[in-house]
Amino acid sequence: MGKVYIVHCIDTEGPLYETLEATFERLRNIFEIEIEPTEENLRKLQEERISLGGKEKEVSKALDNSLLSTFRNFSDIEKMLQKLNSKAFREELLDSSGKGWVCSWFCMEHVGFQGENPRMRVAGWHSIYDWYVNKIEYSLGDIVGWHYHPLPVNGDYNACGVNYVGSGNVFEILARNVIDRQFFPAIYRPGFHTERPDSHWLLEQWIPFDYANQSVLENVQYEQRDMKNGRLGNWVGAPTSWEPYHPDYADYRKKGDCKRVIARCLNMNTRMRNITPEDFEQAFAEAESGKSQLVSFTDHDFRDICYDVDLMRKMLTEVIYKYPEVQFEFCNALEGMRKYFNLEAASCNLSVELQNERKCMSITADKNIFGTQPFFCVKLFGGRYVWSNLDFIDDNKWSFSFDRDSVELDQIEKIGIAANSTSGVTDIIVIEIRTGAIQRKVLNS
């Protein structure tokens, strides 16, 4: 008999402020419905008392109070976390091994945006990561991952861009994470649930575990205006089973030979692609027939996560009674992948050496890393962060030359190097050039 691993992903973006006028603006953008923004009209729409040509239920769901109620500052989020992180709340439902609920926090940073910020999102380097890193309950099994929103052309904080590689922003974020915070992700959640070829190939170089697939059985949800033509995550045709898969090089929705693994991850309580009791039953039925399954779902930290968790536990409880012999386990996003694929946590043991009178650096791993090369970055005097490719020397060995064609060593304040092993153990090395001090950190071991 198989087992069901259950993973709760949280897109961790910080507080969100939305006015009544902004709510009706979303209504117009999503459904092409123009209605005067009043509290009375809002109630009528929620109660399906305004004729919308067949869109009444969809609109009512999008305007549900549980979705409109957002935390507008970190103080409100902290109050919610006091309940969420309590042992009593986590253990209201125990898994088959007697363990309580586990959360995976995929942190993003609002940096590089230059336009309007109508939702008052918290901006600044490391602002969200730094706040959460001291609030997360690691003792309960929680873990930190990475979440990224590509920059839009107009620069607005609430807009949805499409470029990862082209903007350079993604590389600076990762470089600052490595050098400033000795952090590099092994698990990932895409912004707006969307992947495209450039993000697909970027992830394939460095990040082994990707909670992205939002393929649903009823693809009618893709017909909403802001989701047509592949916008906001085209997962049509991706696997609808709960088995993580290696994607195809040319199309991330198809099974293939890439090293990265993509898990199916549906929404918890939104207007689209929500996980249902039938989805849980699908996983438990497969496990009963002998195939283990990894069920994952996602929500946001600016809404009441406790409310969403209670919804999931209610669905789960109903399925547990139907399949009493099936074992299930609450896991974080890294642990779930390791257990599903039976991976043993092992470091790739990065080491570095300056050679040829400090004009060249060699980087070595004692076993295969995930991807093709470590993530190599530098912080220049003056504060600029730069990512760069490495040269291949041999199996598990790379080099970087410091010269006028790349960057001279005397221009560099710090060097950062990071690599994941195939099991998601992260090796990080930060070198301060003037003093020669070396910081080494191993995550997820």
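Starting from 1, each residue takes its place in the sequence as its number. Keep in mind that this is a model prediction, so the values were computed, not measured. All values below come from the heavy atoms of this structure, side chains included, with hydrogens, waters and symmetry mates left out.
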Parallel, tilted or perpendicular, as decided by the 30° and 60° cut-offs, for the rings of Trp206 and Trp387: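 It falls in the perpendicular class, over 60°.
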Mutual orientation of the aromatic rings belonging to Phe113 and His110 [parallel < 30°, tilted 30-60°, perpendicular > 60°]: tilted
Heavy-atom donor-acceptor pair, [X] side chain to [Y] backbone, under 3.5 Å:
| X | Y | answer |
| --- | --- | --- |
| Ser104 | Ile143 | no |
| Trp201 | Tyr249 | yes |
| Asp394 | Lys397 | no |
| Asp156 | Asn158 | no |
| Thr270 | Asn267 | no |
| Asp95 | Lys99 | yes |
| Arg253 | Val236 | yes |
| His147 | Arg189 | yes |
| Glu408 | Arg404 | yes |

Atom [atom1] of [X] and atom [atom2] of [Y]: how far apart are they, to the nearest 0.5 Å?
| X | Y | atom1 | atom2 | result |
| --- | --- | --- | --- | --- |
| Phe341 | Leu294 | CZ | CG | 8.0 Å |
| Ile207 | Lys259 | CD1 | NZ | 14.0 Å |
| Ile429 | Ile179 | CD1 | CD1 | 13.0 Å |
| Met315 | Phe297 | CE | CZ | 9.5 Å |
| Ser292 | Lys3 | OG | NZ | 8.5 Å |
| Gln327 | Tyr5 | CD | OH | 10.0 Å |

Taking only Lys NZ, Arg NE, NH1 and NH2, and the carboxylate oxygens of Asp or Glu, determine whether [X] and [Y] approach each other closer than 4.0 Å.
| X | Y | answer |
| --- | --- | --- |
| Arg181 | Asp130 | yes |
| Arg176 | Glu172 | yes |
| Lys414 | Glu432 | no |
| Arg264 | Asp279 | yes |
| Asp142 | Arg90 | yes |

Side chains of Tyr164 and Asn169, donor plus acceptor under 3.5 Å: no
Short side-chain donor-acceptor distance under 3.5 Å, His246 and Asp257: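 No pair is found: no donor N or O on one side chain lies under 3.5 Å from an acceptor on the other.
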Verdict with reasoning, Phe183 to Val178, per side-chain contact (heavy atoms from CB on, under 4.5 Å): CA-CA 5 Å; Phe183 171 74; Val178 171; over 6 Å; no
His8: which of Thr298, Asp308, Asp299 passes side-chain hydrogen bond (donor to acceptor under 3.5 Å, both in side chains):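 Answer after filtering Thr298, Asp308, Asp299: Asp299.
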Arg384, CZ atom: more than 12 neighbouring heavy atoms under 6.0 Å: no
Over 12 foreign heavy atoms within 6.0 Å of CG, Asn342: no
Trace of the salt bridge (charged side-chain N to carboxylate O under 4.0 Å, His left out) decision for Glu329 with Arg338: CA-CA 13 Å; Glu329 184 174 350; Arg338 284 178 178 168; over 6 Å; no
Pair Phe400 and Phe402, ring centroids less than 6.0 Å apart: yes
Check: Tyr252 ring centre within less than 6.0 Å of Trp235 ring centre: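 Here the rings of Trp235 and Tyr252 have centres that are less than 6.0 Å from each other.
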Identified ring pair (Phe, Tyr, Trp, His ring centres under 6.0 Å) partner of Phe184 from the options Phe370, Phe375, Phe376: Phe375
Cation-pi check, Arg273 onto Phe192 ring (under 6.0 Å, within 45° of axis):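 Arg273 over Phe192 ring: no.
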Validation row: Leu16, Phe71 side chains within 4.5 angstrom (heavy atoms): no
Minimal non-hydrogen separation, Gln214 against Cys265, with atom names: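 Shortest heavy-atom contact: NE2-O, 2.9 Å.
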Reference residue Arg121; test salt bridge (Lys or Arg N to Asp or Glu O under 4.0 Å); the match among Glu13, Glu116, Glu18: Glu13
